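Remarks on the structure that follows.
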Amino acid sequence: MIEPGPKADLHRYLQAARDALLWKLDGLSEYDVRRPLTPTGTNLLGLVKHLASVELGYFGDTFGRPSHEPLPWLAEDAEPNADLWATEEESREGVIALYHRAWKHTDATVEALALDATGRVPWWPEERATVTLHRVLIHVTSETHRHAGHADIVRELIDGATGMRQGNENLPPADAAWWSAYRDRLEASARRAATF
């Protein structure tokens, strides 16, 4: 267990982002969790796969604690962005299980090391490759929250579902008619602003 203090605070924010991301998959079909909904292909299951890979790298290899998880999508000869989508052969359950294993590996690293423990990020430029656990926790937490935000938008595009987590939508309580009128008002304002 991580002792109360700054490390536990950082870990709590990382876990909140992890939970928010996975919640975005709840209740969706196989198609919807894989659907690319942006011109660059952003999709929910791909975000989970990517973040599992991120955690395994930053909290594994960086600190000399490799997970030994096979990640063929990160191999030298893998196609670009192979970590950002799940193939038909990669099940939702398998990707989520990988993410949970990544959490366990990360949590063990965070528990075992002091915030000032140093590691080396081999894929960063040499002048900033040496890092502390503190810096990596901030970096990965920020990246996870960023991608959870992507997942918010993708999920809203799929079925209109919104919110930070179940029971905390973090939006004003309003019905579909209110949201439609609100969006129309923003659209009209944007058009007027464009004429100045």
Side-chain angles (χ1 to χ4, degrees), residues 1-26 33 42-78 80-86 90-152 164-168 170:
M1 184 176 139
I2 299 170
E3 295 294 318
K7 190 192 316 186
D9 293 341
L10 290 166
H11 184 263
R12 188 178 76 251
Y13 277 90
L14 174 59
Q15 189 60 53
R18 291 164 165 172
D19 292 339
L21 177 69
L22 283 186
W23 179 54
K24 295 299 175 178
L25 279 66
D26 283 0
V33 298
T42 305
N43 65 90
L44 294 171
L45 197 56
L47 291 171
V48 174
K49 181 179 172 181
H50 171 71
L51 285 169
S53 306
V54 165
E55 286 203 30
L56 290 168
Y58 279 106
F59 293 100
D61 298 334
T62 295
F63 294 100
R65 300 170 59 90
S67 69
H68 305 291
E69 285 280 352
L71 304 174
W73 48 87
L74 296 182
E76 191 95 4
D77 61 346
N81 287 339
D83 65 321
L84 286 162
W85 65 285
E90 294 170 325
S91 71
R92 174 198 320 223
E93 294 76 17
V95 172
I96 291 171
L98 173 66
Y99 197 28
H100 283 139
R101 291 192 304 276
W103 294 4
K104 187 174 180 182
H105 189 265
T106 292
D107 295 352
T109 297
V110 171
E111 188 172 342
L113 302 178
L115 282 176
D116 62 355
T118 58
R120 186 176 177 287
V121 182
W123 52 92
W124 282 10
E126 191 56 43
E127 66 273 9
R128 47 186 197 98
T130 300
V131 294
T132 62
L133 177 64
H134 183 254
R135 182 168 181 201
V136 168
L137 261 168
I138 291 170
H139 178 81
V140 173
T141 300
S142 297
E143 182 161 350
T144 305
H145 275 280
R146 178 175 180 257
H147 289 312
H150 295 149
D152 286 341
M164 287 181 59
R165 59 187 173 271
Q166 193 165 11
N168 182 6
N170 204 31

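Computed from a predicted model, the values in this text were never measured in an experiment.
Taking a 6.0 Å sphere around CD of E127, one finds it holds more than 12 heavy atoms contributed by other residues, nucleotides or ligands. More than 12 heavy-atom neighbours from other residues, nucleotides or ligands sit within 6.0 angstrom of CZ on R12.
Using a 4.5 Å heavy-atom cutoff, the side chains of L115 and T132 are not in contact. Residues E90 and W85 fail the side-chain proximity criterion, which asks for heavy atoms closer than 4.5 Å. Contact of the W123 side chain with the T62 side chain is registered, since non-hydrogen atoms from C-beta on lie closer than 4.5 Å. With a 4.5 Å cut-off on side-chain heavy atoms, K49 and L84 do not count as touching. Here the side chains of V110 and L14 are not in contact, with every heavy-atom distance at 4.5 Å or above. Counting heavy atoms from C-beta on, the side chains of V136 and T109 never come closer than 4.5 Å. H147 has its side chain out of reach of V48: every pair of non-hydrogen atoms, C-beta onward, lies at least 4.5 Å apart.
The minimum heavy-atom distance between S53 and W73, with the atom names listed, is OG-NE1, 2.7 Å. Scanning all heavy atoms of the two residues, the minimum distance from V33 to N43 falls at O-OD1, 3.9 Å. The shortest non-hydrogen separation linking L21 to A148 is CD1-CA, 4.3 Å. The two residues T141 and L10 come nearest to each other via the heavy atoms OG1-O, 4.0 Å. For the pair A151 and K24, the tightest heavy-atom approach, listed with the atom from each and the gap, is CB-CG, 3.9 Å. In this structure, G94 and S91 approach most closely via the heavy-atom pair N-OG, 2.8 Å.
A donor-acceptor pair shorter than 3.5 Å can be found between the side chains of E143 and H50.
To the nearest 0.5 Å, the span separating OG1 on T144 from CG on L51 amounts to 4.5 Å. In this structure, R135 CZ and T118 OG1 are separated by 12.5 Å, a value rounded to the nearest 0.5 Å.
The stretch residues 103-124 participates, sequence neighbours left out, in these salt bridge (Lys or Arg N to Asp or Glu O under 4.0 Å) pairs: R18-D107, R120-E126.
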*May I have the step-by-step check of side-chain contact (heavy atoms from CB on, under 4.5 Å) for H105 and H68, ending in yes or no?*
CA-CA 10 Å; H105 189 265; H68 305 291; over 6 Å; no
*Test log, rule side-chain contact (heavy atoms from CB on, under 4.5 Å), inputs T106 and L56*: CA-CA 7 Å; T106 292; L56 290 168; over 6 Å; no
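Note on ring orientation: taking the six-membered ring where Trp is involved, the planes of Y58 and H139 are tilted (angle from 30° to 60°). Between Y13 and H145, the ring planes lie tilted relative to each other; the angle falls in the 30° to 60° range.
A donor-acceptor pair under 3.5 Å is absent between the side-chain atoms of K7 and the main chain of L133, judged by distance alone.
Residues passing the salt bridge (charged side-chain N to carboxylate O under 4.0 Å, His left out) test with R65: none are found, sequence neighbours excluded. Remark: D19 engages Q15, W103 in a side chain to side chain contact (heavy atoms under 4.5 Å, CB included) (not counting sequence neighbours).
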